[in-house]
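Labels below follow one simple rule: chain letters A, B, ... track the order of the sequence lines, proteins then strands, and each chain is numbered from 1.
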Amino acid sequence: MSALLEIRDLHLEIGTGRAALPVLRGIDLVLEAGEVLGLVGESGAGKTMVGKALLGILPPAARITQGQILYQGRDIAAMPAKPRLALLGRDLAMIPQDPMSSLNPVIRIAGQITDVLRRHLGLSRRAAYERARALLESVHIREPERVLRQYPHELSGGMRQRVLIAIAFACRPKLIVADEPTTALDVTVQRQILRLIRDLQANSATALLFVTHDLGLVAKICTKVSVMHAGRILEAAPVAQVFTRPQHPYTSALFAATPRYDRPAEALTPVPEALTARLWAEAAAYDAARAAAGVAVGGRAADA
Amino acid sequence: MPLAYLVRRLAMAIPTLFGVAIVDFVLLRVVPGNPIAMMIPPGASAADIARLRAFYGLDQPIPVQFWRWLEALLHGNLGVSIDLRRGVLGLVMSRLPATLELALLAMVLAVALGIALGVGAIYWQGRWPEAVVDGIAGLGMAIPDFLWGLLLVLLLGVLLPILPISGRIDPMLSTHFVTPFYLAESLARGEFSLVGSLLAHMALPAVALALPLTAVIARILKSALVEAMSQDYILMARVKGLGRARIIWTEAFRNALVPTVTLSGVQFTFLVGGTVLIERIFSYPGIGNMAIDAVIGRDLPLIQGVVMTFAVLFILINLLIDMTYVLLNPRVRHG
């Protein structure tokens, strides 16, 4: 029995030829049904790219040069468009980072929930509308009837993120990518949204790939953690283990840089520059070794 | 659409029209040439000329002339054409429907073609159809409507004579129209041979008028669609598993229409202005053709009346475009 999601040795570059920039350098991930995996790293670590590669929404300049993204044993990255689109929205969903820009400004909320329901579940207009209303109730939106008639600009950021969460869970997907789902929100709203995601996830046994830079959030919601830097996974382990006995010095440094209520803010220490420099040097050495081994930068393996 | 907004916009049109009237009136009387010189036979005596000038009120100072004209206008009287010796209002009203039908057909053509080209370019972005659309848009904008008119006459009227190049309807078709809206009337009467003849006569002038607007709409819509397609809500739609055609039409298109309507709005008035020369080229019996005759004959009251008619048309078109903009953009609608 294969895992729900298994990413094997994923390499990704942005640009082509001499200008190609390696972004992911051999990512490995395993996510079982119902698990919550925290993908942690600084900005630029490539964690967002992992989620985008999985959902097939990479920017035009980005290319997967090696590796596989196996969903229920099938490689999504190599799948033709039609079966891939059938999976998106039904099996795989996303909670985006910025709720302000992720809803279409000229379409009423109802239309933006029912489209995915009708696309994948073949519901009638009426049934989809009823389902959308129930979904809004499930994300604790009062007066769902009114909200369904409204346009996105009439809702607050927290409300919009609730709508987007309702859309993500609409077709009862097996896996949701949540990319910094609370970063763009007010601090007071962040907690509510996080709790909402956690509750819905637990009730539906949906697997969650939780992309974040915030170790505090990871502790609250995740079962496993993968720590990323420069497109590599430095450490992957269950949450309890990472928090009590971090194996990699970078993980420890991240902890030291994370604010905690039981520790005054002035005790925070940034990740040491020497450590980051060493990690980048390792990444560069990795690229050089690949180049020497005949894997051209900007292309697939020279000869299989 | 709040009624108060409409009323305010219409009220704002009055000073605009007044300004147009003053500028037009003064310019016509300052430029060389006068209607009396155009109508008198050679050898007319100075007394005859003075009598004619007094008859048409042209011996008065310009402010007095203007005041008389304005007074008559407020009574719904646009004066009498010096050349044609008929009321200006009646002349304008008999010719305007032909122009409106032509301009409307050209606009419908331009909007339909422009949207098809703009959307097509995005659907096949990065492949050859996009380059074709860019080429068409470039040509359409570089060549003005009257040049398109002459090119079309040459190509489809002379070298490959498949379409008529003059008039509004085949004179052999004996019919009597109750209204001056020939196209609308024959459609309503269900007489499709008449519709066919009218459309055939309008085809070339309408295409010539439509091409520059088509190009502008295609170009602006295309860049607005590029912008819309890069938004986060498009990523969201892709993650919902919606197909590309569906995403372009339902997610991006309506968002792209807002800037397209705003930016191409002015071009619609250019199209109406373009009818003047196009009607001349195709001997189309509209108001523009009459305007040129009026200018040649220095027919001051008729020129004045035609200019005022165009001013009203421009104001109405701008109002319609602004209303479309409000309808398309829910953020403004509720604001």
Between Thr250(B) and chain A, with a heavy-atom cut-off of 4.5 Å, which part of the residue counts as in contact: side chain, backbone, both or neither? backbone

Which value, rounded to the nearest 0.5 Å, describes the distance between Leu235(B) atom CG and Leu58(A) atom CG? 10.0 Å

Do other residues, nucleotides or ligands put more than 12 heavy atoms under 6.0 Å from the CZ atom of Arg162(A)? yes

Please look at Leu92(A) and chain B and tell me whether the side chain, the backbone, both or neither of the residue comes under 4.5 angstrom of a heavy atom of that chain. backbone

To the nearest 0.5 Å, atom CD1 of Ile176(A) lies from atom CG of Asp179(A) at 13.5 Å

Under 4.5 Å, counting heavy-atom pairs only, tell me which of Leu103(A), Asp115(A), Leu164(A), Val116(A) racks up the most with chain B. Asp115(A)

Could you tell me whether a side-chain N or O of His120(A) sits under 3.5 Å from a main-chain N or O of Lys240(B), the two making a donor and an acceptor? yes

If I measure from the heavy atoms of chain B, does Lys82(A) come under 4.5 Å with its side chain, its backbone, both, or neither? neither

Where does Gln97(A) contact chain B at under 4.5 Å (heavy atoms): side chain, backbone, both or neither? neither

Side chain, backbone, both or neither: which part of Ile107(A) has an atom under 4.5 Å from a heavy atom of chain B? side chain

For the residue pair Tyr5(B) and Arg9(B), confirm or rule out a side-chain donor-acceptor distance under 3.5 Å. yes

Using 0.5 Å steps for rounding, measure from the OG1 atom of Thr269(B) to the CD1 atom of Ile315(B). 11.5 Å

Max heavy-atom pair count under 4.5 Å with chain B, selected residue of Ala81(A), Pro105(A), Gly89(A): Pro105(A)

Of the backbone (N, CA, C, O) and the side chain (C-beta and beyond), which part of Arg246(B) lies under 4.5 Å from a heavy atom of chain A, both, or neither? side chain

